[in-house]
Amino acid sequence: MRASQLFLPTLRDPPADAEAASHKLLVRGGFIRQLSAGVWTYLPLGWRVHQNVVAIIREEMDAIGGQEMLCPVLTPAELWEKSGRIVYPEVFKLRDRNDRPFVLPMTHEETFTFHAAELQSYRQLPQFWYHFGTKERDEPRPRGGLIRLREFIMKDSYSFDRDQAGLDESFLRHAEAYRRIFDRCGLRYYEVDAEPGMMGGSESWDYLVPASSGENVLALCENGDFGADTEVGRAVPPPPTFPAALDRTQEIETPGVGTIEALADFLGIDPRATSKAMPVVKSDGALVLGLVRGDDRLLDVKMAAALASDFRPAQEEEIRRTFGAGGGSLGPIGVSVEVVADEALREGQFVAGANRDGWHLLGVQAGRDYQPRFADIREVREGDTCPNCGGALQLQAAIEVGHIFKLGTHFSERLGANFVDEDGSERPIVMGSYGIGPARVIAAIVEQHLDEAGIAWPSSVAPYDVHVLALPGLDEQAAQVADALEHVGRRVLLDDRELRAGEKFADADLIGCPLRVTVGKRTLDDGAVDVRNRATGDEHRVAIADVAGVTV
RNA sequence: CGGGGCGUAGCGCAGCCUGGUUAGCGCGCGUGCUUUGGGAGCACGAGGCCGCCGGUUCGAAUCCGGCCGCCCCGACCA
């Protein structure tokens, strides 16, 4: 390809509204352009990279028996009413001229399950279908270039098995394929337990790529034996320094003490030896008391998982009616509601609210003084330690590039995707769903393969293998070099634009093809060119006759 | 949805507070000459609904009101 004819609008400066490195470089390099918040066009170079990522995914999906198909974007709302997902606020909804309701799907479980209803017999299972489909999500806040989009292409695949054992097998095969995909894309990533979500799946794993602009937070053990998404993973907080143990709880007046810091100061104790109570109301209206250590924070996604319900903070009036005290004086003793206590409160005696304004209790011990249900509901923090080996945990922002999920029978039951099993009985198909966002893969690759000058694409996804620079006056010679490379199957971008050498070098660094070949007077007299490795910066002189043989 | 910021040429910005000729600057773009291995120099030139609508005023990029859009933080998030 000749750069003089390529639509390649590179920019010297990053757009003012870009924050993430991948956002800045992909825009500057002429890979993508924004159309609206979270809505982007791939320009020619960006689409080539996208196609390369897609090709890798396709190969690995096919390698585990995937059958590629394509489902439409426009989808009758009826399917989503059956699955129950129609109520999600992120779902784009629209109507046709006859007022028939449609949705624009955020993923395609409903549609694939609709087709899976044609599967009749266990003899046809397992099946494994996928497509690269356009997803639409009315995100409340798109951001970061390609990191959170309102419209994007996703590889979503679906497995259809006769039983749980089959699903487990399909799930693991996907995990293997995903590892190969992300390896081939040059990503450093972690496979971690994920938040299963509200659809009742039993297990799900996330693929998280450490990158500062990511939205997930990864907890990693210094000894390498633990990695978890902090929305799911359990970590061990540093132990408290407890005051002398008491035989029974003791009331103490704490006038005007409204915060944990004030309480610890007033009593002269370690804040870690206190507890705090968070009254919440489940979606069925039941009030529950969440209890975490004084220095910890309740993490809402963990709490929701522990309660198996959404919840909201209780209101002042509800608190007073239930506990007979205000929000700053609540505790777990003598209450009529369920108490969900964090694991950190299992051992030891903590200070707790007395359910009496201006009073606390000393020496409150779980099991002896109150009977909670224990759950991991605290937010993982810097300074926590590894649950496996006790090593220090490090927190790191990460981009979620893939998610694999044991769905079970939620969709097959609601959409009537049943099969007849060997014993003649009809059963719902057991499903898994598996997603990868190529756009996020691209963003993640850039975040991990860049320097001050621009992107350094891994060869597997680079828009071109070799970037040949024709320095002024040497267009013909450069074209010959480019031809020689193309003849041996290399994908070549020939910069034949009428620009100064410095500008071509800068653009080449920015665009980030793995190899750069400079055709200039300086070396041509010797019948040679300079070949530079973008990632390492290594440059060496190669005779033109040998240039077709150079590799990264 | 809450908080903050921004909207002036393709990109980055100044001007606005304190209203007043033809709305500026850098980069980029076009033409010519000189240059030519790391974002050149000179000259000439093209390019603007100053986000939109309304109001105040003799006069609005500038003041006031409403709306729209975009970014960041939070909330939210299969």
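Predicted model, so just to flag it, every value in this text is computed and none were measured.
As judged by a 4.0 angstrom heavy-atom cut-off over every strand, A:Glu109 is placed among the base-contacting residues. A:Ser36 comes within 4.0 angstrom of the backbone, heavy atoms only, and of no base. Nucleic acid contact for A:Arg532: base, since at least one base atom lies under 4.0 Å from a heavy atom of the residue. At the heavy-atom level, A:Pro15 lies under 4.0 Å from the strands shown only through sugar-phosphate atoms. If you check every strand for non-hydrogen atoms under 4.0 Å, A:Lys521 touches a base. A:Arg516 comes within contact range of at least one nucleobase, with a heavy-atom separation under 4.0 Å. Residue-level contact check: A:Ala506 touches the bases, meaning some heavy atom is under 4.0 Å from a base atom. Among the protein residues, A:Gly145 comes within range of no part of the nucleic acid, since none of its heavy atoms lies under 4.0 Å from any strand. Residue A:Pro89 is out of contact with every strand shown, counting any heavy-atom pair closer than 4.0 Å. At a threshold of 4.0 angstrom between heavy atoms, the contacts of A:Asn216 with the nucleic acid are absent.
Rounding to whole angstrom units, CZ of residue A:Arg12 and P of B:rG26 are separated by 14 Å. Taking atom CD of residue A:Glu19 and atom C1' of nucleotide B:rC73, one finds them 10 Å apart after rounding to whole Å. Per the geometry, CD belonging to A:Glu215 stands 13 Å off C1' belonging to B:rG74, to the nearest Å.
Each of A:His23 and A:Glu539 lies near RNA chain B, and the nucleotide nearest A:Glu539 is the one positioned closer to the 5' end. Both A:Val519 and A:Glu400 sit near RNA chain B, but only A:Val519 has its closest nucleotide nearer the 5' end.
Remark: B:rC42 base-pairs with B:rG32. Criterion, Watson-Crick or G-U wobble with two distances under 3.5 Å. Across all strands shown, B:rA23 has no partner, as no Watson-Crick or G-U wobble contact with both distances under 3.5 Å is found.
In this model, the phosphate group of B:rC73 is approached by a side-chain N or O of A:Arg143 to a distance below 4.0 Å at OP1 or OP2. The side chain of A:Arg500 places an N or O atom within less than 4.0 Å of a non-bridging phosphate oxygen (OP1 or OP2) of B:rA40. The side chain of A:Arg141 contributes an N or O atom lying less than 4.0 Å from OP1 or OP2 of B:rC73. Put simply, A:Arg85 has no side-chain N or O that comes within less than 4.0 Å of OP1 or OP2 on B:rA78.
The base of B:rC77 lies close enough to the side chain of A:Arg148 for a donor and an acceptor atom to sit less than 3.5 Å apart.
Scanning both residues, A:Tyr130 and A:Phe132, for their nearest heavy atoms gives CE1-CE1, 3.7 Å.
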Next item on the list: Given side-chain hydrogen bond (donor to acceptor under 3.5 Å, both in side chains), test A:Thr113 with A:Glu109 step by step and report yes or no.
Entry: CA-CA 6 Å; A:Thr113 309; A:Glu109 275 80 355; over 6 Å; no
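Partners of A:Asp295 by salt bridge (Lys or Arg N to Asp or Glu O under 4.0 Å), not counting sequence neighbours, listed by chain and number: A:Arg293, A:Arg381.
For the salt bridge (Lys or Arg N to Asp or Glu O under 4.0 Å) condition, no pair includes a residue of residues 31-40 of chain A, sequence neighbours left out.
With B:rG39, B:rC76, B:rA78 as the choices, the nucleotide that has an atom nearest any side-chain atom of A:Phe405 turns out to be B:rA78.
How far CD1 of A:Ile399 is from CD1 of A:Ile442: 11.5 Å, rounded to the nearest 0.5 Å.
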